[in-house]
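Predicted, not measured: the structure shown is a model, and the values here were computed from it. Proteins come first, then strands; the chains are lettered A, B, ... in the order of their sequence lines, and each starts at number 1.
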Protein chains: 2
Amino acid sequence: MMKTSKPARRPTMPPSKNSVTSNDVARLAEVSQSAVSRTFTPGASVSPETRERVMEAARKLGYRPNAIARTLSTRLSRMIAVVVSDLQNQFYPVVIERLSKQLQSNGYHVLLFITDTEDADELLVELMRYQVDGIVMASTQLSSGLAQQIAEARVPVVMFNRVSRAGSISTVSSDNHGGARAVAHYLADTGHRRVAYLAGAEDSSTNSDRERGLIDGLAERGLRIAARANGNYNFERAAQATLEMFTHGLESDRPDALFVASDHMAFAAIDTLRGALGLRVPEDVSVVGFDNVPQADWGAYRLTTVEQDVDSMIDATVRMLLQQLENDVVTRDHVTVATRLVVRGSARLPQPGTDGPQANRSPTKASRGEGAAASATAPATGDTQGPAPARRKSSR
Amino acid sequence: MMKTSKPARRPTMPPSKNSVTSNDVARLAEVSQSAVSRTFTPGASVSPETRERVMEAARKLGYRPNAIARTLSTRLSRMIAVVVSDLQNQFYPVVIERLSKQLQSNGYHVLLFITDTEDADELLVELMRYQVDGIVMASTQLSSGLAQQIAEARVPVVMFNRVSRAGSISTVSSDNHGGARAVAHYLADTGHRRVAYLAGAEDSSTNSDRERGLIDGLAERGLRIAARANGNYNFERAAQATLEMFTHGLESDRPDALFVASDHMAFAAIDTLRGALGLRVPEDVSVVGFDNVPQADWGAYRLTTVEQDVDSMIDATVRMLLQQLENDVVTRDHVTVATRLVVRGSARLPQPGTDGPQANRSPTKASRGEGAAASATAPATGDTQGPAPARRKSSR
DNA sequence: CTGAAAGCGCTAACAC
DNA sequence: GTGTTAGCGCTTTCAG
């Protein structure tokens with residue numbers, strides 16, 4: 001393997017990547033460089049003739065404005081940094097896909113950063129060097145120090161799917177507490193008495209809100225969590241944790257329901273329950289997830305889960321970002337998107353005649369599409385959110 | 001030092017995002033701007049003292065070199081464009097994750113483009129404006145016209161997981177033909193006689209190579225494809241196609257095996273087979289996929305499939321890119337990565353005593369990780385690839 | 001090894 | 001409307 005060792009830069013400029021410049025166009029069109037700039041600037045005032053000449057010259061030369069140069073002079077890159085960590089969890093690819101498309105259709109570009117570890121700070125600093133116009137954090141928390149730095153740099157940031165402890169940054173998240181609470185009610189109302197919880201990363205706001213929601217919801221039915229283990233939002237760990245949670249102890253103590261902090265972990269839990277533990281789902285134990293990723297609808301799992309309304313979340317995110325960008329201000333808003341319980345087959349269904357939430361029963365129905373997708377909503381469980389799809393709480 | 005007598009910044013410049021410039025640092029350190037530039041340029045020659053003073057001044061001011069300005073003057077952005085289309089298919093999130101990390105650790109940044117439709121051309125042009133140093137296409141084909149344009153702009157491109165018709169662009173792909181051929185052999189050797197094929201997008205090289213491989217492999221066993229349908233690499237379409245393929249016709253004509261062009265479609269096929277059609281997998285019909293995405297190992301599917309060696313593919317991709325970037329040349333290489341058959345439970349296993357390929361049977365084994373991953377390779381099926389993990393065929 | 005000066009390609013006042 | 005003229009922040013000759 002050889003290394004680059006020579007700063008061999010000739011007087012001759014290296015054959016430039018995009019050699020044709022606005023200057024070239026200006027000369028061909030016999031106008032000033034400004035005229036060229038203006039015809040390529042949406043709001044500018046150019047006479048139709050000038051524009052025409054410029055366009056033609058540009059076409060002839062195959063001219064494309066250099067976005068980097070423009071960035072240098074306008075300080076606007078039209079690039080948004082998107083930071084994510086866990087693409088294994090299907091929730092995030094879906095998010096990235098929609099977010100990118102939305103941003104693209106608004107004329108922005110996505111600079112993607114994947115980060116496992118907590119080196120997010122270093123990464124963000126690196127990222128700031130690219131003059132991104134905004135940042136969407138869908139991974140880690142920002143250290144408050146860095147959040148500060150970024151705020152000073154006046155770069156809009158929105159935390160996606162986590163609420164910042166500091167509270168000084170805009171956030172978009174689901175009603176995690178309400179969703180989990182609805183699960184608690186649903187499980188209690190369908191006759192479950194020993195509800196276990198398989199937690200996500202302990203330091204994440206999503207996990208603590210979901211756990212809190214479960215606890216509160218159960219309490220409202222006179223119950224409490226029967227068992228708890230941590231799967232750290234990780235597939236293997238979730239499988240392991242499930243195994244441990246269900247092996248020790250008497251059979252009579254065995255949880256009759258398991259609420260899992262993410263679908264991704266729920267699949268691992270179900271596999272373990274059915275495979276290593278030889279239990280039936282939902283006959284022996286009901287499983288409920290969170291997210292409603294595409295796989296939740298797969299025939300072999302038919303996972304009852306809490307849907308995060310990705311579209312609304314993305315819309316809110318983009319809206320918040322654009323609003324800040326357009327007005328050149330940094331605001332701190334918090335949007336909470338309503339969730340809904342999607343009832344499929346992985347949790348025991350309400351008994352006919354019971355006073356539980358109504359649900360269209362589709363036990364093993366394998367047809368997909370509308371039929372299966374039209375799962376029951378559970379608004380009756382007393383969630384706190386109003387009828388509006390998204391609730392906005394602006395501060396400042 | 002006082003400020004120089006420059007006509008101090010004109011009217012209201014918007015409060016800059018990263019106000020501290022190399023000039024500020026230079027003044028504080030009482031050196032020239034060049035000195036600052038040099039201390040932040042890896043190969044440059046600066047005396048230790050100068051460097052030290054600069055570093056300290058930089059630290060004091062919180063200086064971070066502006067990557068955009070640097071790009072403008074060096075014409076090197078250290079950004080790589082990555083173009084993908086289908087994040088639903090788990091294969092791509094995995095690719096993106098590894099690719100991004102690799103690129104990041106080599107000091108590059110990823111500009112991500114998601115594109116459904118065939119507007120790839122327009123997109124690419126747009127993308128070129130950002131002066132990306134290279135492009136990884138993991139979605140559509142490039143129109144030959146555009147490929148030409150890009151080549152002229154001297155931007156290295158590598159097509160990931162597709163071979164370009166034009167042949168004028170570097171490509172990295174799996175041995176799709178060999179993998180599919182191995183499947184044909186495996187199915188024939190485990191007693192299947194009516195093998196159906198569920199195709200991916202008709203215009204994709206992956207699909208045609210896989211189909212060809214299946215046909216060739218079956219022919220070598222005196223068989224031919226018994227039925228064929230198109231799922232277009234799409235989940236719903238695959239479910240639909242499976243339904244159609246298995247409903248009409250006599251039961252005796254029903255395929256006893258289904259080779260699916262991607263795991264993603266295979267899950268849909270299995271769901272349909274089991275659900276709507278009430279068939280057992282693999283007792284009534286064996287299913288084999290392609291890709292070996294994480295979900296293939298899930299307990300409810302245990303999909304026998306052809307593994308694409310993502311790591312090797314990514315390594316090759318990054319290597320090809322870097323090599324071109326470092327030497328400032330555009331080459332046209334083709335790397336083909338070997339595949340292997342991963343035997344799980346979705347296809348009937350070889351009968352003990354049969355002369356088929358050996359396979360460690362792990363029918364319902366729920367433990368994951370090494371145990372399950374150490375599935376059987378099928379080198380005995382006469383694949384064309386050598387023992388090396390990746391085969392390189394350089395042209396030009 | 002160091003500094004001065006001239007750009008990289010584009011935009012943004014400021015006259016005209 | 002249009003051209004002129006300064007830069008945006010950094011790198012890179014070219015002298016010293």
Side-chain angles (χ1 to χ4, degrees), chain A residues 6-27 29-54 58 61 63-78 129-131, chain B residues 1 4 6-27 29-54 58 61 63-78 129-131:
Chain A
K6 44 192 57 178
R9 263 275 171 281
R10 274 287 117 53
T12 38
M13 205 55 191
S16 77
K17 273 182 180 157
N18 190 4
S19 46
V20 23
T21 76
S22 66
N23 211 337
D24 300 333
V25 176
R27 278 204 305 264
E30 296 180 292
V31 295
S32 76
Q33 211 182 345
S34 317
V36 178
S37 174
R38 292 197 258 258
T39 91
F40 283 95
T41 303
S45 62
V46 211
S47 75
E49 305 95 76
T50 319
R51 145 165 281 118
E52 196 39 58
R53 296 178 53 180
V54 170
L61 298 173
Y63 169 72
R64 292 286 155 184
N66 181 326
I68 295 298
R70 176 196 294 246
T71 298
L72 187 57
S73 93
T74 60
R75 310 173 102 83
L76 259 29
S77 64
R78 299 201 76 85
R129 298 184 37 202
Y130 277 81
Q131 311 293 103
Chain B
M1 262 271 176
T4 29
K6 281 188 177 175
R9 210 69 198 85
R10 259 319 154 49
T12 44
M13 193 61 193
S16 78
K17 270 178 181 158
N18 189 6
S19 46
V20 23
T21 77
S22 67
N23 210 339
D24 300 333
V25 177
R27 279 201 307 261
E30 296 179 295
V31 296
S32 75
Q33 208 183 350
S34 317
V36 178
S37 173
R38 289 183 182 113
T39 91
F40 283 96
T41 303
S45 61
V46 212
S47 74
E49 305 95 76
T50 317
R51 145 164 280 120
E52 196 38 59
R53 297 178 52 180
V54 170
L61 298 174
Y63 169 72
R64 292 286 155 185
N66 180 327
I68 295 298
R70 176 196 293 248
T71 296
L72 189 57
S73 90
T74 60
R75 310 175 104 81
L76 260 28
S77 64
R78 299 201 76 87
R129 299 183 35 198
Y130 278 81
Q131 311 293 103

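Per the geometry, CD belonging to A/Q33 stands 9 Å off C1' belonging to C/dT11, to the nearest Å. Rounded to an integer number of Å, the gap from A/R27 CZ to C/dG9 C1' is 13 Å. Between the P atom of C/dC8 and the CZ atom of B/R75 lies a distance of 8 Å, rounded to the nearest Å. The interatomic distance linking A/I68 (CD1) with C/dG9 (P) rounds to 12 Å, in whole Å. We find that CG of B/N66 is positioned 7 Å from P of D/dG9, with the value rounded to whole Å. Spacing between atom CG of B/D24 and atom P of D/dC8 amounts to 11 Å, rounded to whole angstrom units. Protein atom CG of A/L61 is 14 Å distant from nucleotide atom P of C/dG9, rounded to whole Å. One atom, CG of B/L76, and another, P of D/dG9, lie 21 Å apart when rounded to the nearest Å.
In terms of phosphate contacts, B/Y63 brings a side-chain nitrogen or oxygen within less than 4.0 Å of OP1 or OP2 of D/dC10. Remark: B/S22 is not in phosphate contact with D/dG9, judged by side-chain N or O atoms under 4.0 Å from OP1 or OP2. Listed pair B/R70 / D/dT11 meets the phosphate criterion, a side-chain N or O lying under 4.0 Å from OP1 or OP2.
In terms of heavy atoms, A/A35 sits closest to A/T50 at CB-CG2, 4.0 Å. Closest non-hydrogen pair, B/V20 versus B/Y63, comes out as O-CD1, 3.5 Å. Of all heavy-atom pairs spanning B/F40 and B/A58, the tightest one is CZ-CB, 3.9 Å.
Summary of the strand contacts: B/S32 and A/S34 both lie near DNA chain C, and taking for each the nucleotide with the nearest heavy atom, the more 5' one is attributed to B/S32.
Identified under the salt bridge (charged side-chain N to carboxylate O under 4.0 Å, His left out) test for residues 29-50 of chain A, with sequence neighbours left out: A/E30-A/R53.
Heavy atoms of A/T71 sit nowhere under 4.0 angstrom from any nucleic acid atom. In this structure, A/V31 reaches the sugar-phosphate backbone alone: every heavy-atom distance under 4.0 Å involves primed, P, OP1 or OP2 atoms, never a base.
Considering only the side chain of B/S73, D/dT11 comes nearest among C/dA12, D/dT11, D/dG3. Candidate nucleotides C/dC10, D/dT12, C/dA12 were compared by shortest atom distance to the side chain of A/T21, and C/dC10 ranks first. Of the listed nucleotides (C/dG3, C/dG9, C/dC10), C/dG9 has the atom at the smallest distance from the side chain of B/L72.
Rounded to 10°, the angle separating the first-five-pair axis and the last-five-pair axis of the helix from C/dC1-D/dG16 to C/dC16-D/dG1 equals 30°.
Taken from CZ in A/R27 to OG1 in A/T21, the straight-line distance is 7.0 Å, to the nearest 0.5 Å. A distance of 10.0 Å separates CG of B/N23 from OG of B/S32, quoted to the nearest 0.5 Å.
Residues of residues 37-47 of chain B having a heavy atom closer than 4.0 Å to DNA chain C, listed by number: B/R38, B/S45, B/V46, B/S47.
The side-chain hydrogen bond (donor to acceptor under 3.5 Å, both in side chains) test applied to A/T71 returns no partner, not counting sequence neighbours. Judged as a side-chain hydrogen bond (donor to acceptor under 3.5 Å, both in side chains), and not counting sequence neighbours, B/T39 has no contacts. Contacts of A/S37 classified as side-chain contact (heavy atoms from CB on, under 4.5 Å), with partners at least two apart in sequence or in another chain: A/T41.
Under the 4.5 Å side-chain criterion, counting only non-hydrogen atoms from C-beta, A/R78 is not in contact with A/R70.
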